[in-house]
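Single-structure report; data block below.
Protein chains get the first letters and strands the later ones, always in sequence-line order, with residue 1 at the start of each. Remember, it's a predicted structure, so these values are computed and weren't measured experimentally. What you see below is based on every heavy atom in this structure, not just the backbone, and it leaves out hydrogens, waters and symmetry mates.
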2 protein chains.
Amino acid sequence: MLSERQDAILREVVRIFTDTGQPVGSKTLMNALPFHVSSATIRNEMATLEEIGYLEKTHLSSGRVPSINGYRYYLDYLVQPSIVPRDVAKKIDEDFGQTYHQLDDIIERSAKILSHLTSYTAITLGPESSKTLLTGFRIVPLNSHQIMAIIVTSDNNVENNIYTVDDELDSSLIEKFVKIVNDKLVGQPLPKVIEMLHDDVPIILSNYMHSASGLVDMVDDLFQKADSDKYFVDGQLNLLNYADSNDMQEVQSLFSIINQSNDLKKLLDPSSSESGIRVRLGSELGSDALKNYSIITADYDVGHHGKGIIALLGPTTMHYSQLIGLLGEFRTELAKRLIDYYSRYDDS
Amino acid sequence: MLSERQDAILREVVRIFTDTGQPVGSKTLMNALPFHVSSATIRNEMATLEEIGYLEKTHLSSGRVPSINGYRYYLDYLVQPSIVPRDVAKKIDEDFGQTYHQLDDIIERSAKILSHLTSYTAITLGPESSKTLLTGFRIVPLNSHQIMAIIVTSDNNVENNIYTVDDELDSSLIEKFVKIVNDKLVGQPLPKVIEMLHDDVPIILSNYMHSASGLVDMVDDLFQKADSDKYFVDGQLNLLNYADSNDMQEVQSLFSIINQSNDLKKLLDPSSSESGIRVRLGSELGSDALKNYSIITADYDVGHHGKGIIALLGPTTMHYSQLIGLLGEFRTELAKRLIDYYSRYDDS
DNA sequence: GTTAGCACTCCAATATGAATAGTGCTAAAA
DNA sequence: TTTTAGCACTATTCATATTGGAGTGCTAAC
C-alpha cells in the first residue's frame, strides 16, 4: 500500500501526463502538488514508486511516466469521476432528441453521441438478447422465386432476410410452416426458439412434407441473426488522431478489430459480473494492436429487459476521470430513454 | 506533339517513378531506355519536357518526376493496358464463386474482389436504376403499432422500411393503399413511380380517407431509397498504406468522402458519356483532400438493364497500365455475371 | 544532332557543440 | 528519522558545420 503522499504524487503524474503528453519531472510536480515539499523529496518518492513499478523513465535522465501497473493502481484506487458540467448533460439530452421507432436506433445514436462528445471511438450494445422473446414470424412472397422472412421480437426489433425458393416449394406448405412457428414458438426466448426450431418443428412438419429440414435450415440464419448481439461503432476515424502515425500496420489491425463483432465481443465481454464502470488497459488484453489503447466499459440496466453495454476506446492516456464521469451520466440517461421506449411500445 | 523519343522518355520516367517512388535521373534513364543515347542527350530532352510542363524537379539538382500534366499526357496517349495474367483472370472467376440471390450482392462482391486484387480502394455501382421498374409493393403488419413496407423492383432488388403507425390508421385503408399502388404503379420506372405517388395516388386515395398525404409521405423515403444509387466501397483501409502519415487530417477527409454517397457520385459521375476506362487525377477534381490521389473508372454494360460503374481509388502514382488491364478484364467478367443473373431470374 | 567533361547545386547523413531538463547521491539541517 | 540544498552527471534536443553523392546545365568538341 502506498502512503498518502505517494498516492498524491502518482495521481498528479497521471494528471499532468495526460494533459501534456510529456514525462513529468520533480520540479514540475513540486509546483503542482497541493502541499509543499522540495523537489529532492519528490525525487526520492518517485524513486520508490519506480522501484515498486508504478512509474517509468523514458531514458536515464528524463521525467517519469506512469507504467501500466501505475495506471492500473491509479484506476483501481485513485481516480475519481469528475462531475459532468450541466451543459454537457443538457447536450446529451438534446442529442437524443426525437422519439425512436426502433430499439437499435437508440443504441446506434448512443454511439454517435458518445463519440462526438469525447472524440474517441464509441461502441454500444443493446440490452441482452437472451431475454427477448419471439413475438412474430412472417413470410411474404415477393415474386415468383423470392420470399422474404421476417422476425419480430419482444423488444420490437425486426429482422428480415430474402431467400430464393425453387418452384416445388408449395405456398400452402410455407403457410403451414409459418403457422407452426407462430403457434409453437411465439412467446419463447430466442435461444429456446432456435433449439425448438431444430428439434420440434421438423417433427411436426414431417406430417405435411417429406423433407422438412430444408425449410428450417433456410431460415435458420435469420433466427441466428435476431439472437446475435449487434454492436454499433461510431467515431472510428477518431482513432487516427491518436495513432502512432509511423505504424500504419497497427492502425489497420485496430480498425479490423473494431469491425469484427467477434473481436468486439471479447473486448466488451462483461465477464466479471460486477456492475458499473470498468477500465481495461489494452496491454492487459494480450492483443498486440491494442497495446497502447484502453477501453472503458459501462453497463446500463433496463430492469427485466436486461443489461447492455456502452464503451469508449482510446489511447491509454485518456482523460479517465472526465470520461468515467461522463459515462456515469450517460448510462443513466440511456437507461431512462430505454425504459421510456419500452413503456411506450410494450403491448399492454 | 512530342517526338517519339520524348514519348519514350516520359513513359519510362512514369514507369520508373511508379516503381521506385524516387525522382528519375538521366543516368538511370540511359540504362533503362530501349535505345542508346548518352545521358547528356537525355538531359537535353528532359529539359524540353520540363519546359513544356510534363516533368518537374523536386529541387534544383534532383531527378525528374512527372507533373500532373505529364501524367495527363501519359494517360491520354502513352499508357497501354497490360495483359492480365491467366491466373488472375481465373482468380476473379473463382472469387465470384457461387450464384447470387440479390443483385446488390454481386455488386458488393465486385468491390471486395477488386480491392483485394489491387490493394487499392474499390468502389462499385450497380446498373443504372432509372431503367428499373416497380414490380411489387407490400405492407406487412408486424405488431399492434408497427408495419413493414416492402418494395420489389424489376432487377429483383428488395428494399424495406419499418414504420410506426398510430391506432387510427385502419388496416383496410392500408390494404386499399397497397392495392392502388400495385394496380397503378407497378410496371412503371421508379422515377415515374415517385412522381405518380405524389400526384395521382393521393387523388384516388382521397375517395376513401380525408387525409391521404400522410400515408404517401410516410413511405416516400422507401421509394427514394429504392431509386437512389447504392455504392459499395471496399478496401478503405488500403488508403492508409499510401497516405502521407504526417497528415492525418487528409486521411480523415478522404475517409469521409468515400463514405458519403453524394461525394462519391461526383467522383464517379460518368458525365462524359464516352464508354470505357477513364483515369481522373484527383488534382483535376478540385478537392483538396484528393490532391495526391487519382481514380480509375470503368463502366460495364448489361444491355437493356443499363450501365454500371466500377472504380479504383489510389495514389496518383498507381500502376495504371496494370490496373487498366485488370479493370478491362473485370468489367467484361462482371457484365457476363450480371447477364447470367438476369437471365436466371427474369420472369418469363 | 550528339556527346564528353566540368563546375555547380542540393540533399541526406553524420558529426559537433551548447543549452536544457532531468536524475541520483551526499551531507547537513530539522 | 525525514527533509532539504547542492552538486556531479546524463540524455535529449536543437542548431550548425562537414562531407559524399546524385543530379543538373552548359560549353566545346565530335
Side-chain angles (χ1 to χ4, degrees), chain A residues 1-10 12-67 70 244-246, chain B residues 1-10 12-67 70 244-246:
Chain A
M1 202 79 305
L2 300 185
S3 73
E4 222 164 284
R5 191 164 72 187
Q6 287 168 326
D7 276 356
I9 289 177
L10 181 52
E12 200 61 18
V13 169
V14 169
R15 194 187 65 77
I16 297 177
F17 180 60
T18 16
D19 273 5
T20 66
Q22 298 298 321
V24 185
S26 54
K27 267 192 196 163
T28 322
L29 221 37
M30 179 176 68
N31 296 321
L33 283 172
F35 49 86
H36 182 76
V37 286
S38 79
S39 64
T41 309
I42 297 177
R43 278 203 290 285
N44 288 332
E45 293 285 35
M46 289 207 286
T48 13
L49 283 172
E50 183 172 9
E51 231 164 274
I52 309 176
Y54 289 174
L55 291 180
E56 286 174 348
K57 283 187 280 201
T58 59
H59 56 85
L60 202 64
S61 73
S62 74
R64 308 298 213 290
V65 299
S67 70
D244 173 10
S245 54
N246 297 321
Chain B
M1 202 76 310
L2 300 186
S3 74
E4 222 164 284
R5 192 165 70 187
Q6 287 168 327
D7 276 355
I9 289 178
L10 180 53
E12 201 60 18
V13 169
V14 169
R15 195 187 65 76
I16 297 178
F17 181 59
T18 12
D19 273 4
T20 66
Q22 298 297 320
V24 185
S26 55
K27 267 191 194 163
T28 321
L29 222 39
M30 179 176 69
N31 296 321
L33 282 172
F35 48 86
H36 182 76
V37 286
S38 78
S39 63
T41 309
I42 297 178
R43 279 204 288 285
N44 289 333
E45 292 286 34
M46 287 206 286
T48 7
L49 283 173
E50 183 172 8
E51 229 164 277
I52 308 175
Y54 288 174
L55 291 181
E56 287 174 347
K57 283 187 281 200
T58 59
H59 57 85
L60 203 65
S61 74
S62 75
R64 306 299 213 291
V65 299
S67 69
D244 173 10
S245 55
N246 297 320

Practice task
Go through DNA chain D in 5' to 3' direction and return only the first and the last nucleotide with some atom under 4.0 Å of chain A's heavy atoms.
Solution key: D:dT3 to D:dT12

Handout entry: Side-chain heavy atoms of B:V13 within contact of B:Y54, under 4.5 Å
Key = no

Completion exercise
Tightest non-hydrogen contact, residues A:L2 and A:Q6, listed as CA-OE1, 3.6 Å

Practice task
Supply the atom-to-atom distance A:H36 NE2 to A:N31 CG, rounded to the nearest 0.5 angstrom.
Solution key: 9.0 Å

Exercise for the section: Work out which heavy atom in B:P66 is nearest to a heavy atom in B:V14; give both atom names and the distance. Expected result: CG-CG2, 3.8 Å

Practice task
Strictly below 4.0 Å, heavy-atom distances to any atom of DNA chain D: list the hits from residues 57-66 of chain B, or just say none.
Solution key: B:K57, B:S61, B:S62, B:G63, B:R64

Fill in the blank from the handout: Residues of residues 15-29 of chain A with a heavy atom under 4.0 Å from any atom of DNA chain D, listed by number, are none

Handout entry: Closest contact, heavy atoms only, B:P23 versus B:V65
Key = CA-CG1, 3.8 Å

Problem - Interatomic distance, A:E56 atom CD to A:L49 atom CG [nearest 0.5 angstrom] - result: 12.5 Å

Completion exercise
Taking every heavy atom of A:E45 against every heavy atom of A:S3, the minimum-distance pair comes out as OE2-OG, 4.4 Å

Problem - For the student: nearest non-hydrogen atoms of B:G53 and B:S67, plus distance - result: O-OG, 2.6 Å

Problem - Heavy-atom closest pair, residues A:Q22 and A:F17 - result: O-CD1, 3.2 Å

Practice task
Measure the OG1-CE distance between A:T41 and A:M46 for me, rounded to the nearest 0.5 Å.
Solution key: 11.0 Å

For nucleotides 28-30 of chain C, list the nitrogen or oxygen atoms of the protein found under 3.5 Å from its nitrogen or oxygen atoms, one pair per line.
none

Exercise for the section: Let me know which of A:I42, A:D7, A:T28, A:L29 forms a side-chain contact (heavy atoms from CB on, under 4.5 Å) with A:E12. Expected result: A:L29

Fill in the blank from the handout: Within residues 34-49 of chain B, the residues having a heavy atom closer than 4.0 Å to DNA chain C are B:V37, B:S38, B:A40, B:T41, B:R43, B:N44

Exercise for the section: Check the distance between C:dG22's C1' and A:N31's CG and give it to me in whole angstrom. Expected result: 14 Å

Handout entry: A:T58 backbone acceptor or donor facing A:S62 side chain under 3.5 Å
Key = yes

Fill in the blank from the handout: Given the options B:V24, B:I9, B:L55, B:R64 meets side-chain contact (heavy atoms from CB on, under 4.5 Å) only with B:L55

Exercise for the section: Just jot down the side-chain contact (heavy atoms from CB on, under 4.5 Å) partners of A:S39, sequence neighbours excluded, or say none. Expected result: A:S26, A:K27, A:M30, A:R43

